[in-house]
Amino acid sequence: MSLPTLMSKVQTLQTSLQAKAKAEPAFRFYSLWDKVYRTGVLRVAYRGCRANRGAPGYDSISFKQIEDQGWDEWLERLQQELRVGGYQPQPLLRVWIPKAQGGQRPLGIPTIRDRVVQMAVLLVLGPVFEVDLLPRQYGFRPGSDAKMAIRAIHFGITQRGKREVVDGDLSDYFNTIPHGELMRCVSRRVSDGTGLPVIRKWLKVAVIERDERGERRTTETKDKQRGTPQGGIISPLLSNLYFRRFLLAWQKFGFGQRLRAEVVNYADDLVILCPNGCGEKAMAAMRHLMSRLGLIVNEKKTRLVKLPDEHLDFLGYTLGQF
DNA sequence: TTCGATGGCAC
RNA sequence: GUUGUGCCAUCGAA
């Protein structure tokens, strides 16, 4: 079948899954795995991974090697494994990259094989969870970008008169997300007996670090029962899914109404727009809820900004001096 | 409008 | 030695 046809078939699948999720907010999808290993989904997933032109993982197998050997046969073998349930994720390759503000960030690079499977799962699960994510979550989402988040903040400041802004930052967010709680977020929509264990394995796979002396194997996420790999294809979605819990708690405990405080979220960054006199309370409430969620508020980077005297730096923009 | 390449930005 | 999601821009092919 031609590539455009496969693409449209995948899109049709995605829109129907999303429509189902939208129509039934409490529906749990019980047969998602059989969609993950559909030929169309796997081919689109492979192509999507290749478009990134990313480096190989632990097994050192590159896109070129896969294609020299025959990529459709490679995909068929993978499909067979996924179908009979023999699929096991390979370890992640640890690479340290320098951060912009200094320090180093640990990447966990999956093998291309695991990246393709994760992409296939994202193609299927993404449209489902997209329905559940909240409007003020702007990071990592189709059709949304940093500029929209900035516009929302700007609107809150100028049109709604919010003059106290909590600039919140979480320390090492991806690596601190608790597995149990996260899997509960996934299980709210997914009851698939094959898919859920695979996602859990992705969270818990070993990490291989290479240096001059050789290889070192660690099982940090399995031991701490926390963290989603920085480099995993579904990690951004999972991070949004877990941050949603904070926003739901914010709603549930009535901080939005009581303090008239609106939260805007982009990945691990958040801003709380508050009227005069509410900023300190909102910041304290945020700290409390975050610790309840097992997350670490970065005290050095979290602060209360009082406009218009002070300004706010967020997502590469500076707000407050108009 | 939809795919391929290149570059940039946010996290 | 550099993963990932999303967005934007340019070029190319239909």
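We name chains A, B, ... by the order of the sequence lines, and we start the count at 1 in each one.
The side-chain tip of A:Arg200 does not point at the ring of A:Trp202 from less than 6.0 angstrom away and within 45° of straight on. For A:Lys20 and A:Phe27, the positive end sits near the middle of the six-membered ring, less than 6.0 Å away and at most 45° from its axis.
Distance from the side chain of A:Leu122 is smallest to C:U5 among C:U5, C:U2, C:G4. Residue A:Ile233 places its side chain closer to C:U5 than to any other of B:dC3, C:U5, B:dA5. Closest approach to the A:Asp145 side chain among C:U5, B:dC11, C:C7 is made by C:C7 (side chain taken as heavy atoms from C-beta onward). Comparing B:dC11, C:G4, B:dC3 by their nearest atom to the side chain of A:Arg47 picks out B:dC3.
Checking each of A:Leu237, A:Asn240, A:Leu133, A:Leu238 against A:Phe140 for a side-chain contact (heavy atoms from CB on, under 4.5 Å) leaves exactly one that passes, namely A:Asn240. Each of A:Val263, A:Val264, A:Ile153 was checked for a side-chain contact (heavy atoms from CB on, under 4.5 Å) with A:Arg136, and the lone residue meeting it is A:Val264. Considering A:Arg226, A:Lys222, A:Lys224, A:Lys204 as possible partners of A:His179, the one that fulfils the side chain to side chain donor-acceptor pair (under 3.5 Å) test is A:Lys204.
The interatomic distance linking A:Asn265 (CG) with B:dA10 (C1') rounds to 13 Å, in whole Å. Between the CE atom of A:Met148 and the P atom of C:U5 there is a distance of 19 Å, rounded to whole Å. Taking atom OH of A:Tyr317 as the reference point, atom P of B:dA10 lies 9 Å away to the nearest angstrom. Taking atom CD on A:Glu209 and atom C1' on C:U2, their separation rounds to 14 Å, with Å as the unit. A straight line from CE of A:Met7 to P of C:A14 spans 20 Å, rounded to a whole angstrom. Going from atom CD1 of A:Ile150 over to atom P of B:dA10 covers 11 Å, rounded to whole Å. In this structure, NZ of A:Lys147 is placed 14 Å from P of C:C7, rounded to the nearest angstrom. Atom C1' of nucleotide C:G4 and atom CG of A:Leu93 are separated by 14 Å, given to the nearest angstrom.
If you check every strand for non-hydrogen atoms under 4.0 Å, A:Ile109 touches sugar and phosphate atoms only. Counting any heavy atom pair closer than 4.0 Å across all strands shown, A:Pro229 reaches no nucleic acid atom. Using a 4.0 Å heavy-atom criterion, one finds that A:Glu130 contacts no nucleic acid atom at all. Within the nucleic acid shown, A:Asn240 has no heavy atom closer than 4.0 Å to any nucleic acid atom.
For A:Gln11 and B:dC3, the shortest distance from a side-chain N or O to OP1 or OP2 is below 4.0 Å. Of the side-chain N and O atoms in A:Arg53, none sit less than 4.0 angstrom from OP1 or OP2 of C:U3.
Hydrophobic clustering (side-chain heavy atoms under 4.5 Å, transitive across Ile, Leu, Val, Met, Phe, Trp, Tyr) keeps A:Leu122 apart from A:Leu92.
Contacts between residues 131-144 of chain A and RNA chain C, counted as heavy-atom distances below 4.0 Å, involve A:Phe140, A:Arg141, A:Pro142, A:Gly143, A:Ser144.
Residues A:Phe63 and A:Trp71 place their aromatic rings such that the two centres sit no closer than 6.0 Å.
A distance of about 23 Å separates the C1' atoms of C:G1 and B:dG8, rounded to the whole Å.
Between A:Pro236 and A:Pro98, the residue anchored closer to the 5' end of RNA chain C is A:Pro98, taking for each the nucleotide with the nearest heavy atom.
The pair A:Glu310-A:Arg163 does not count as a salt bridge, with every side-chain nitrogen at least 4.0 angstrom from each carboxylate oxygen.
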